[in-house]
Amino acid sequence: MGGSAPRRDCHLPVETTSFVDRRTELAEARELLTRARLVTLTGPGGVGKTRLAGRIAARVARAFPDGVRFVHLSGLHDPALVPHAVADALDLHDHSADPPLDALVRHLRDRRLLLVVDNCEHLPDACAELAGALLRGTTGVRILATSRHRLGLTEEHLMDVRPLPVPDPDGDLSAADGYPALALFADRAAAVVPGFRLTAANRALVARLCHRLDGLPLAIELAAVRMRVLDVDQLLARLDDRYRLLTGGSPAVLPRHQTLRAAVDWSHDLCDPGERLAWSRLSVLAGGFDLETAEAVCTDPERTDPVRTDLARTDPEDAGAVADASPLHPHAVLEAVAGLVDKSVLCREAATGEGGVRYRLLDSLRHYGLERLRERPGEERAARTRHRDHLQRRVEAYERDWFGPDQPAVVARLRADRDSIRAALDFSLTTPGEERAGLRLAGTLWFHWHACGAPREGRYWLDRALDAHPDPTPERARALWVAGLLAGCPEDLTRGRRRAEQARDLAHRLGDAAEAAHADYVVGVIRLFSDDLTGALDHFRAGVDRGPLPGQHLSLVGLDRVELACALAFLGRADEAIAVCEETRGLCAAHGERWVLSYVERILALAHSVKGDRERAEAHGREALRLKLAVHDVIGMGLTLDLLARIAAERGAHQRAAVLLGGADRAWADIDRDRWGSAALDATRRAAEERVRAALGPAALRRGYDRGAALALPDVVAYALDENGGDPPERPADAAHGVRLTRREAQVAALVAEGLANQQIADRLVIARRTAEGHVERVLSKLGLSNRSQIAAWVAAQR
């Protein structure tokens, strides 16, 4: 039984500042999306395409049962990574050997979702190929792209995003407050000058300023932040000075790209030397970054350049260039970052999970910084090398901490750094002399690719790195067995085993027993996945009897035991499997480890099921599921839900088993189980389906299956754990019978049902975010619900 499970996930950028109304563009875009499957927002840099795309997506989210996903491309340089970035945004875990774009189309063939692809202009061919493949290979996927240029497809509908309207500064300004450009300036100015507003005294000056900036939102925001130290009159005078310099005194209006360049140049000139240096060096970072990364990339404490220092003393005209190139010491980086945030050069991003505060350079400002950095030969490579080396140290620390209590935090931090990881790998594998470092980084990330990352992307980087560095080094031995470990589909197992055996042979030649043991584990896993159960049993028995070796990663020591227990359970030797699991559970408990423990609990569930002890089997299965959710092990959740469905069917809970089968396919929908796993694993699923179909009949099985498939994955897990009293969370109206919401609470509930986040609700109702959050909490409390999807279902039921 199969089929895609509808869901309404909206993964949109968090809005940290208010959105100035663009009602006309929003209405036009919504209308375009009703009749076109590819809509591209075009316009110059800084015009607000990304913000507008996010707002459009939020408005139309209700029309897409499978949700809205946002793909950021600004940090990518390699066209081959575009499909991987989309798969990452969709949270797909593909193990097939198909070309990435083919696998993506296969996953999305029956989905109805909106894909927002941001910043396509620097990867036009790859984005056009992506869009064309999705348009041809799917029927329910629509694409909203942002680009400075069209993609060039015949199916493409263009929408020109124009600068914000500005009134004639010399005309009638009685209705000027209604112009979005002036409203944007006033809003951003009020953030730095509390109480600032448009008045009769400043309205004409603000209108003239916005007119000089051509209504470009980014330019207006950069100007408004200077209100901290200047008034509007001074601001206008200094901006006019810059324009006169650019045009040789001509009063002609500048082209928009020169307008933005003027505003950015001006912001750059207003930075102190440390801020300018930090801006240029931080421009090598793709996506968001934290303060520790900023310090590593910006700091060059050993650099001294007495020749240039002497030049600064003797040639005043070159003093600015020397100041920008001077060392930036660690204690000064925080001040530089704070100054760049104050000047709206850096955006401060909301904290996610346990990652703390992060920062981001807007795309236009990042490209400007790179231009400045490239003015000094060798500076870009030095900054990128510092970044890569910092990331290597960080990933090595994560690997050391992986077998321990910090796994959820490591997962969150690596996902936050994925753009940086890609940038560091791409730099290493395209820069002569850096290939070995790239191979080392790709191999160190084995736990990320395998446990909670993207196995297909891991294979992509490892294939490139192995080709770039063929020398017989320890880094190559590590990368070979990791590449073998990521072979999860039947057609790739032969190649995977060959690589693992090559890794083992190379590690033995290099005298590295630990890496040889890691490679040997992979050989055993592939034997197990190839349904060589007896051979896998003997293989893992030998590894466990040998015991752990110095330098062997404890995760793989534990997994040796897990795979041994798995083979024993599949062969019917349940008591032996349980004994091995109990010993391994002690190892995990001693280190506070969760991921390996989740597999231990799953094999315990399987073994007790083989023994017929279904009560214990279900308890262990639920614990496995709870642990897997903590590290977002989607494959593990799919396997465990299949097993819990079989256990439920064996104890006669056939309706529950049917719901769990649908919920399991909710997890498998992002993996493609037809191309993953083995006959032994698939037997668990088939046994559950056959038992439920025999007990209920096909129609009742389908009804229960559809109930489970309609749930979001966290709700599936909650149901499997009995956190909803045994019923799927699909009928919240029953729990809220007779409850009355206030008018404002009803408004908030309706906006939640539209898919709006708290900040978006606050913007729509013109209230504070905290107030919106309070309303949502009261709605949940009054209705006796636990999540926003239940509010949406309740609203639908009332209607």
Side-chain angles (χ1 to χ4, degrees), residues 7-17 19 22 25-26 29-30 32-33 37-43 47-76 81-92 104 107-108 111-123 126-127 130-131 134 138 140-148 151 159 161 286-288 347 349-350 352-353 355 358 360-364 366 412 415-420 422 454 457 632 670 712 754-760 763 788:
R7 59 180 176 181
R8 185 167 292 158
D9 293 344
C10 295
H11 293 240
L12 297 174
V14 176
E15 293 186 348
T16 56
T17 55
F19 181 81
R22 280 185 180 262
E25 290 93 335
L26 286 170
R30 292 182 69 171
L32 273 177
L33 281 170
R37 293 184 57 209
L38 171 60
V39 175
T40 303
L41 306 182
T42 60
V47 79
K49 299 184 294 294
T50 299
R51 285 290 299 271
L52 180 59
R55 182 54 63 99
I56 292 167
R59 290 285 180 89
V60 303
R62 292 180 63 192
F64 297 95
D66 290 307
V68 176
R69 295 299 177 104
F70 206 99
V71 185
H72 297 278
L73 297 183
S74 62
L76 292 188
L81 282 178
V82 169
H84 294 288
V86 176
D88 191 48
L90 292 164
D91 205 22
L92 297 180
L104 193 61
H107 279 301
L108 296 179
R111 302 288 182 91
R112 289 178 56 202
L113 61 84
L114 176 65
L115 197 64
V116 184
V117 187
D118 188 40
N119 290 116
C120 297
E121 58 270 356
H122 63 299
L123 298 165
C127 291
L130 168 75
L134 291 178
T138 69
V141 174
R142 292 180 184 251
I143 303 168
L144 179 62
T146 75
S147 177
R148 299 185 190 185
L151 299 182
M159 179 177 149
V161 181
C347 296
E349 296 189 321
T352 56
R358 294 176 69 83
R360 180 186 293 269
L361 267 170
L362 292 179
D363 195 49
S364 297
R366 188 168 62 84
R415 287 185 68 83
D417 280 336
R418 58 184 177 271
D419 285 335
S420 285
R422 290 166 176 160
E457 184 171 347
H632 198 61
D670 292 337
E754 287 185 30
L756 271 63
N758 289 340
Q759 183 62 58
Q760 295 166 328
D763 291 344
R788 300 170 80 93

Worksheet item: When rounded to the nearest 0.5 angstrom, what is the spacing between OG1 in T50 and CG in D118?
Response: 3.5 Å
Discussion item. Checking L52 against V47 for the side chain to side chain contact (heavy atoms under 4.5 Å, CB included) test, could you report, in this order, the C-alpha distance in whole Å, the side-chain angles of both residues, the deciding distance, and whether it holds?
Written reply: CA-CA 9 Å; L52 180 59; V47 79; over 6 Å; no
Discussion item. Before you tell me yes or no, could you show the steps for V86 and L92 under side chain to side chain contact (heavy atoms under 4.5 Å, CB included), namely the whole-Å CA-CA distance, both residues' side-chain angles and the distance that decides it to 0.1 Å?
Written reply: CA-CA 9 Å; V86 176; L92 297 180; over 6 Å; no
Worksheet, complete the sentence: When rounded to the nearest 0.5 Å, the distance separating CZ of R418 from NE2 of H84 is 14.5 Å
Response to the item:
Of all heavy-atom pairs linking A53 and V116, the shortest is CB-CG1, 4.0 Å
Worksheet item: Looking only at atom types and distance, does a side-chain atom of R37 sit under 3.5 Å from a main-chain N or O of V141, one as donor and one as acceptor?
Response: yes
Discussion item. One pair to check against side chain to side chain contact (heavy atoms under 4.5 Å, CB included): R59 and L756. What are the steps and the verdict?
Written reply: CA-CA 8 Å; R59 290 285 180 89; L756 271 63; 5.8 Å; no
Discussion item. For L361, is there any backbone N or O sitting under 3.5 Å from a side-chain donor or acceptor partner on R366?
Written reply: no
Worksheet item: Taking S74 for the side chain and N119 for the main chain, is one N or O donor matched with an acceptor at less than 3.5 Å?
Response: no
Practice prompt. State the NE2-CG distance between H122 and L76, to the nearest 0.5 angstrom.
Written response: 6.0 Å
Worksheet item: Does a side-chain heavy-atom distance below 4.5 Å link I143 with L134?
Response: yes
Item to complete: Keeping the roles fixed (side chain from D66, backbone from L113), state whether a donor-acceptor pair exists under 3.5 Å.
Response: no
Worksheet item: Quick one: are R111 and T138 in side-chain contact, heavy atoms under 4.5 Å?
Response: no
Practice prompt. Kindly indicate, with the supporting measurements, whether the criterion side chain to side chain contact (heavy atoms under 4.5 Å, CB included) is fulfilled by L151 and C120.
Written response: CA-CA 8 Å; L151 299 182; C120 297; 3.9 Å; yes
Response to the item:
Taken to the nearest 0.5 Å, the spacing of L123 CG from L81 CG works out to 9.0 Å
Worksheet item: Could you state the interatomic distance from NZ (K49) to OG (S147), rounded to the nearest 0.5 Å?
Response: 7.5 Å
Fill in: Salt-bridge present (D417, R358; N to O < 4.0 Å)
yes
Worksheet item: Is any side-chain heavy atom of R22 less than 4.5 Å from a side-chain heavy atom of R51?
Response: no
Item to complete: Answer whether the closest heavy-atom distance between the side chains of L115 and V68 falls below 4.5 Å.
Response: no
Worksheet item: Hey, does E25 have a side-chain heavy atom less than 4.5 Å from the side chain of M159?
Response: yes
Item to complete: Give the minimum heavy-atom separation between L114 and F64, together with the two atoms involved.
Response: N-CD2, 3.6 Å
Fill in: Side-chain heavy-atom pair V39, R30 within 4.5 angstrom cut-off
no
Worksheet item: For R422, which residues count as a salt bridge (Lys or Arg N to Asp or Glu O under 4.0 Å) partner, sequence neighbours excluded?
Response: D88, D419, E457
Discussion item. A side-chain contact here means heavy atoms from C-beta on lying under 4.5 Å apart; do L144 and V60 qualify?
Written reply: no
Worksheet item: Closest heavy-atom contact between L104 and P83?
Response: CD2-O, 4.2 Å
Worksheet entry | pair L33-I56: side-chain heavy atoms closer than 4.5 Å | yes
